[in-house]
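Below you'll find the structure, written out as structure tokens, and then a few comments.
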2 protein chains.
Amino acid sequence: MKGSNYSSKRELIYSTLCSTKSHPSAKWVYEQLKEDHPDLSLGTVYRNIALFKENGKAVAVANILGEERLDGDTSAHAHLVCKCCGKIEDVDMPSLTLKGDTKGFNTDFVAVTYFGTCTECSE
Amino acid sequence: MKGSNYSSKRELIYSTLCSTKSHPSAKWVYEQLKEDHPDLSLGTVYRNIALFKENGKAVAVANILGEERLDGDTSAHAHLVCKCCGKIEDVDMPSLTLKGDTKGFNTDFVAVTYFGTCTECSE
DNA sequence: CTCAAATCAGTAATTGTTCCTGTTTTTATT
DNA sequence: AATAAAAACAGGAACAATTACTGATTTGAG
């Protein structure tokens, strides 16, 4: 079944995704690998990233400037997003104290994202 | 300058956006209005929603199934997102206790989003 | 080794969103 | 109210991120 086989491309894509803290887009991953692996297809990158997300090995952090930005680090942490340049940084996850009910939802993941302006963009 | 004039279409779009708690997409807003206002253009909906976001009168909640979902309620609250059907519900904002530094970012908005499965999708 | 399932490259198709052009509406000024 | 400039608009073309398709290649089980 889907995702059950070994695949050298899949390993490449996953290790590239995990090699950076820049929270890249699929296209960025593709461009990093294209140099050394000119036979890599962008569709393969998208397909494998979708698999990673299904399997909980990656998460979508935000959609910045029309691009979905990814994180191969699925440990609990929050994100800082610069609305100006699109830079995304990791920060400690705050402790969350819930109030109110959760409307019957069965939740398995919480995203905490701070939006603002980074040092460079503030001049 | 941009956004300074009165515009009946703008009012329609804004009131439609605020009339629902479904956190709709731009297309949904367009389709609601199209019946009674067949001369409305989808581009106008997108353009005005961009204005609302600039002016802090609306926020983008999440990008679900490739569609940006919006909220005309900018008060502090968190969101529940069903990964299965895309339904979004409001929940109380948890109290956040920050630890660690914020890397020099000047933040002005925090999004807290819980991902999971809604009652209907859980069967 | 052999075969079926999985994966892939390459490209076409899809689709949410933005951009462009000529027209209409709004506002300010007489 | 008439006029003119700015703002907003409709309609459709253009764009870009993502997905789907097709035929070839790779992988894993027996």
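Note that the coordinates shown come from a computational prediction; the quantities given were computed from them, not determined experimentally. Quick note: numbers below take in every heavy atom, side chains included, and nothing from hydrogens, waters or symmetry partners. By convention in this document, chain letters (A, B, ...) are assigned in the order of the sequence lines, proteins followed by strands, and residues within each chain are numbered from 1.
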Could you pick out which residue, A/N48 or B/E67, lies toward the 5' side of DNA chain C when each is mapped onto its nearest nucleotide? A/N48

Taking OH from B/Y30 and C1' from C/dG16, how many angstroms apart are they, rounded to a whole number? 14 Å

Counting only side-chain nitrogens and oxygens, does B/K9 get under 4.0 Å of the OP1 or OP2 atom of C/dT24? no

Options C/dT26, C/dT17, D/dA10, nucleotide nearest the side-chain atoms of B/Y6: C/dT26

Please check the phosphate of D/dC9 (OP1 and OP2 only) for any side-chain N or O of B/S7 closer than 4.0 Å. yes

Between C/dT17, C/dA9, D/dA8, which one does the side chain of B/R10 approach most closely? D/dA8

B/L17 versus B/A58, closest heavy-atom pair with distance: CD2-CB, 3.9 Å

Could you tell me how far apart B/D39 (CG) and C/dT23 (P) are, to the nearest whole angstrom? 17 Å

Rounded to the nearest Å, what distance is computed from the CD1 atom of residue A/I64 to the P atom of nucleotide D/dA17? 14 Å

Would you check if the side chain of B/T20 reaches a backbone N or O of B/S22 as a donor-acceptor pair within less than 3.5 Å? yes

Distance, rounded to the nearest Å, where A/L42 contributes CG and C/dT7 contributes C1': 16 Å

Salt bridge between B/K83 and A/D108, side-chain N to carboxylate O under 4.0 Å? yes

Distance test, side-chain N/O of A/Y46 to OP1/OP2 of D/dT19, below 4.0 Å: no

Nearest-nucleotide comparison on DNA chain D, the residue closer to the 5′ end among B/S41 and A/S25: B/S41

Please lay out, stage by stage, how A/E54 and A/K2 fare under the test salt bridge (charged side-chain N to carboxylate O under 4.0 Å, His left out). CA-CA 11 Å; A/E54 279 176 31; A/K2 194 174 58 167; 3.5 Å; yes

DNA chain D: 5'-proximal contact among B/P38 and B/S4 (nearest heavy atom): B/S4

Could you check how far CG of A/L12 sits from P of C/dT7, rounded to whole Å? 15 Å

In this structure, how many angstroms lie between the C1' atom of D/dA17 and the CG atom of A/N63, rounded? 9 Å

Nearest-Å distance, CG (A/L40) to C1' (D/dT25)? 15 Å

Any side-chain N or O of B/R47 under 4.0 Å from OP1/OP2 of D/dC9? yes

Taking the nucleotide of DNA chain C with the nearest heavy atom to each, does B/N5 or B/L65 sit closer to the 5' end? B/L65

Phosphate OP1/OP2 of C/dG16: any B/K27 side-chain N/O under 4.0 Å: yes

Once you round it to whole Å, what is the distance between P of C/dT26 and CD of B/E11? 10 Å

Side-chain donor-acceptor pair present, B/D92, B/H77, cut-off under 3.5 Å: no

